[in-house]
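Working notes, beginning with the structure itself.
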Amino acid sequence: MKLSARIAAPVAALVLAGLTATACAPQTSDTSAKGDDKSGTLRVWLFQEVGNKPKEKVVDAAVADFEKAHKGAKVEVEYIPVDTRAQRIKAAFNDPKSAPDLIEYGNSDTAGYVKDGGLADVTEEFGAWDEAKDTDPIAKQSVTVDGKVYGAPFFVGVRALYYRTDVFKDLGIDPPKSQAELISTAKKIRKAKPDLYGLAVGGAYTYGAMPFIWANGGELAGETDGKFTSGINSEKSRKGIEAYTSLFGDDNCPAAKCASMGGNATVTAFASGKAAMAIGGDFSHAAVEAGAVKGKYAVVPLPGVAENSIAPAFAGGNNLGVLKSSSHRTLAVDLMKSLSGKKTQAEMFDAMGFLPTYTDVLDNAAKKEPFVAPFVETLGAGAKFVPASPAWGQIDASLVLPTMFQEIVAGRKDVAKASDDAAKKMDTAFTEAG
């Protein structure tokens, strides 16, 4: 299916955003490799997943095929913790001798990593790659900066509403069809079953909060002539912030426990049976299946403000990119193709539930597994992204939005003051990034 045909567009200045983002490294000196060895050892950094064994199995198979096809080449894969990847990748950009040849990175980081001079321009190789023609245009945009390609999409991720079918049946309620109904349903469940969170929310769950802002017509930022300005303190954005923060309290998810929770914690709360609903990704499916709620849950798109509408989702995902400093450029590009190719993406979907970035492979995945349907429907209804500015990595790493949410739910600031302060921080970052 063509996601791009149904994703609302003004996307010229926007790219797909990663599941998480990192702080931007300072501008580096020229780290371009001085050679292109056709043999030797390639070093690869991939992200460590919560349950990493299935990912390792798929990667090992792809690496074995690559080594068989490239005599004299060996591949060493290291799985790095997501929480510390910012420091690792920053150091790699500034110290080519210790840097890997290929990295996995959140696709909101593309603009920042290109500005830092860390990623190699692979426009020519990507254009000549036969499989690339089936890459969804929006996914391709996530590796594109100023018309040049700096990697290959690895998977796309989007969030929807997980809910407990047993709890809903017991209370005689249906999945919510609007944002207001979502909030009232969460509080109704909490009142009837005080041992459960109605809807698990997190003060540090930026990407779970964004749909509330977008559904109310708000934006993270606006762009004019290449310059970004925060939109987080607009009246429409504030309506979304108010809706999201209204879910923190003893009548749903107590602030004392939920203010510090991030996305993983909210999904864990749901999977362990402590919440009746949670906003989770297609990539959360395996963890939920392994939890106490297996066989007792379903997924629907997160509702928007209007009844039967779908809230714009944060469309994330990860890419693979060759480092500019790699002395094995040709091999590294070939390995990038192997790890992000159709065969590997199909196997990664089977193993991890990661949504493929090829239109034909995604179609097959949706036909194969019913659980994919609400996520594909969510993507089709219109995905939204973070600003395509190198400043976004700093904004995210500095916890500007989580701080805003936490100040509000803790009662330290009202929505107007907290959003104004967040907007000032964002504008400073946009200005400094140029």
Side-chain angles (χ1 to χ4, degrees), residues 1-4 6-7 11 14-22 45-50 55 58-59 82 85 89 102-114 119 126 131-132 134-145 149-160 206-208 210-211 263-264 267 279-286 312-321 336 339-342 344-359 361-363 365-366 372 374-388 392-393 396:
M1 62 176 291
K2 285 281 185 183
L3 300 183
S4 56
R6 292 190 291 280
I7 292 179
V11 295
L14 299 175
V15 296
L16 281 170
L19 300 176
T20 44
T22 65
W45 287 356
L46 300 178
F47 291 161
Q48 177 89 32
E49 307 297 337
V50 175
K55 182 176 183 178
V58 174
V59 170
V82 175
R85 72 199 183 289
I89 293 175
L102 185 70
I103 61 169
E104 178 179 356
Y105 65 93
N107 57 9
S108 61
D109 295 329
T110 306
Y113 287 176
V114 170
L119 296 176
F126 191 88
E131 291 191 359
D134 293 322
T135 301
D136 185 85
I138 298 299
K140 182 181 176 182
Q141 198 166 355
S142 77
V143 293
T144 304
V145 177
V149 177
Y150 292 90
F154 191 32
F155 66 85
V156 64
V158 69
R159 292 164 176 81
T206 303
Y207 301 122
M210 284 178 178
N264 286 346
V267 171
I279 300 168
D282 54 275
F283 43 85
S284 306
H285 181 256
F314 167 72
N318 288 357
N319 297 332
L320 296 177
M336 178 187 76
L339 291 175
S340 64
K342 291 185 178 183
T344 305
Q345 283 200 17
E347 292 174 352
M348 197 65 78
F349 169 76
D350 291 339
M352 301 296 294
F354 293 163
L355 292 184
T357 63
Y358 299 97
T359 54
V361 182
L362 181 59
D363 270 345
V372 172
F375 300 104
V376 173
E377 186 179 356
T378 297
L379 278 168
K384 301 279 281 187
F385 318 116
V386 299
W392 181 255
D396 197 54

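Counting from 1, the numbers follow the sequence of the chain as shown. Excluded from the calculations below are hydrogen atoms, water molecules and symmetry mates; all remaining heavy atoms, backbone and side chain alike, are included.
- With a 4.5 Å cut-off on side-chain heavy atoms, Glu104 and Phe155 count as touching.
- Using a 4.5 Å heavy-atom cutoff, the side chains of Leu119 and Ile103 are in contact.
- Side-chain contact between Val58 and Met352 is absent, with no heavy atoms from C-beta onward closer than 4.5 Å.
- The shortest distance between side-chain heavy atoms of Glu131 and Phe126 does not fall below 4.5 Å.
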Exercise. Carefully, step by step, assess Phe154 and Met336 under the rule side-chain contact (heavy atoms from CB on, under 4.5 Å).
Key: CA-CA 9 Å; Phe154 191 32; Met336 178 187 76; over 6 Å; no
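- For the atom pair Phe354 CZ and Phe349 CZ, the distance stands at 11.5 Å (nearest 0.5 Å).
- The two atoms that bring Ala111 and Val145 nearest to each other are CA-CG2, 4.1 Å, heavy atoms only.
- Ring-centre distance between Tyr105 and Tyr113: below the 6.0 Å cut-off.
- With Tyr207 as the fixed residue, the side chain to side chain contact (heavy atoms under 4.5 Å, CB included) test singles out one of Asp396, Ile279, Val158: Asp396.
- Val372 and Ala365 make their closest contact through CG2-O, 4.1 Å (heavy atoms, listed as atom of the first residue, atom of the second, distance).
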Exercise. Applying side-chain contact (heavy atoms from CB on, under 4.5 Å), run through Leu362 and Leu355 and close with a yes or a no.
Key: CA-CA 7 Å; Leu362 181 59; Leu355 292 184; 4.1 Å; yes
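- What you find for Ser284 and Val267 is that their closest heavy atoms are OG-CG2, 3.8 Å.
- Put simply, the side chain of Phe375 does not reach to within 4.5 Å of the side chain of Leu379, judged on heavy atoms.
- The line from CG of Asn319 to CG of Asp109 is 9.0 Å long, rounded to the nearest 0.5 Å.
- Using a 4.5 Å heavy-atom threshold, the side chains of Lys384 and Phe314 count as separate.
- Side-chain contact check for Tyr150 versus Val114: some heavy-atom pair is nearer than 4.5 Å.
- Pairing each heavy atom of Asp282 with each of Gly353, the nearest pair is OD2-O, 3.2 Å.
- If you take CD on Gln141 and CG on Asp136, they are separated by 10.0 Å, rounding to the nearest 0.5 Å.
- In this structure, Thr378 and Ala160 approach most closely via the heavy-atom pair OG1-CB, 4.3 Å.
- No donor-acceptor pair under 3.5 Å is formed between the side chain of Thr344 and the backbone N or O of Ser340.
- By the side chain to side chain donor-acceptor pair (under 3.5 Å) test, Thr357 pairs with Gln345, sequence neighbours left out.
- Under a 4.0 Å N-O distance rule, the pair Lys342/Asp134 qualifies as a salt bridge.
- Partners of Glu49 by salt bridge (Lys or Arg N to Asp or Glu O under 4.0 Å), not counting sequence neighbours, listed by chain and number: Lys55.
- Side-chain contact check for Asn318 versus Asn107: every heavy-atom pair is 4.5 Å or farther apart.
- In this structure, Phe385 CZ and Ser142 OG are separated by 9.0 Å, a value rounded to the nearest 0.5 Å.
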